[in-house]
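This report refers to the structure that appears directly beneath it.
Computed from heavy atoms alone, side chains included, the values below leave out hydrogens, waters and symmetry copies. Each residue takes its place number in the sequence, starting with 1. All figures in this text were calculated on a predicted structure; none of them were measured in a lab.
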Amino acid sequence: MTSRFSLAGPGFINFRLNPPRWLAWLQRMATGEQLRAGAARAHAARPGSSIYSSPNTAKQMHVGHLRSPSSARRSAGCSRSRAAKVIRDKHLGDWGTQFGKLIYGYKRWVDDEALLNEPIEELERLYKLGHAATPDGSPDWRKPAPNS
């Protein structure tokens, strides 16, 4: 169906279609019923998986967090349309590191007034400070905070 693939930067793949092969395929699969029957024959015994990841819970949500679940849902839908058995998995991840960094920042730099007035923004600020102060392999991030 395709004659060539090429990478076009991070996250992008270009592929060139082979028109004669596409035409032959379209003629064989002219109706939805023919398409479903062909897909079922080709993929019925093949399981598919869709993994839904979750965002960093220590950061504020934004539209970019929809990308992974949206892609996983599309992938599951494509697999189901091919009559494959689809296994869906919601990966919740390990939140310990993120919350550890948030707590580290909270114990050192919390602004009580900002926490009262704009709690989400203040917690995000504290997470960023804690993250910057505790790079991977940092020897002092486990030290207790002053007055903790």
Side-chain angles (χ1 to χ4, degrees), residues 1-111 114-115 118-143 145:
M1 296 266 209
T2 58
S3 60
R4 195 177 79 201
F5 292 93
S6 63
L7 296 178
F12 296 94
I13 302 173
N14 289 332
F15 55 96
R16 186 174 301 275
L17 301 179
N18 183 326
R21 289 189 72 188
W22 271 100
L23 180 60
W25 183 83
L26 287 170
Q27 289 170 339
R28 280 193 325 270
M29 304 294 172
T31 68
E33 185 176 317
Q34 289 171 320
L35 181 61
R36 283 187 292 279
R41 280 191 306 275
H43 299 283
R46 298 164 108 182
S49 66
S50 236
I51 299 173
Y52 297 79
S53 66
S54 58
N56 180 340
T57 57
K59 290 186 177 180
Q60 203 169 42
M61 292 284 289
H62 60 81
V63 72
H65 289 108
L66 299 175
R67 186 175 36 238
S68 173
S70 177
S71 297
R73 184 174 174 155
R74 282 192 306 271
S75 170
C78 287
S79 295
R80 276 189 45 231
S81 73
R82 295 187 328 241
K85 178 184 178 191
V86 178
I87 301 164
R88 297 171 192 243
D89 180 38
K90 172 69 172 149
H91 180 71
L92 297 176
D94 176 11
W95 299 345
T97 301
Q98 288 93 344
F99 280 103
K101 290 180 177 195
L102 178 60
I103 291 166
Y104 185 89
Y106 179 88
K107 286 186 172 188
R108 284 162 178 77
W109 302 295
V110 68
D111 177 339
L115 188 62
E118 298 288 339
I120 301 297
E121 287 78 5
E122 177 61 3
L123 290 173
E124 186 172 18
R125 182 186 75 84
L126 293 170
Y127 172 78
K128 287 177 182 177
L129 287 170
H131 180 72
T134 57
D136 291 341
S138 175
D140 66 343
W141 77 273
R142 296 177 198 260
K143 288 182 182 175

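- Nearest approach of Leu102 to Leu123, heavy atoms of both residues: CD1-O, 3.2 Å.
- The aromatic rings of His131 and Tyr127 lie parallel to each other, their planes meeting at an angle below 30°, with 60° marking the opposite boundary.
- Residue Tyr104 comes nearest to Gly130 through the heavy atom pair CD2-CA, 4.1 Å, listed as atom of the first residue, atom of the second, then distance.
- Across Trp109 and Arg125, no two heavy atoms sit closer than the pair O-NH2, 2.8 Å.
- Between the CD1 atom of Ile120 and the CD atom of Glu124 there is a distance of 9.0 Å, given to the nearest 0.5 Å.
- With a 6.0 Å radius and a threshold of 12 heavy atoms from other residues, nucleotides or ligands, Leu23 has its CG atom above the threshold.
- Shown here for Ala8 and Asn14, the closest heavy-atom pair between the two residues is CB-ND2, 3.4 Å.
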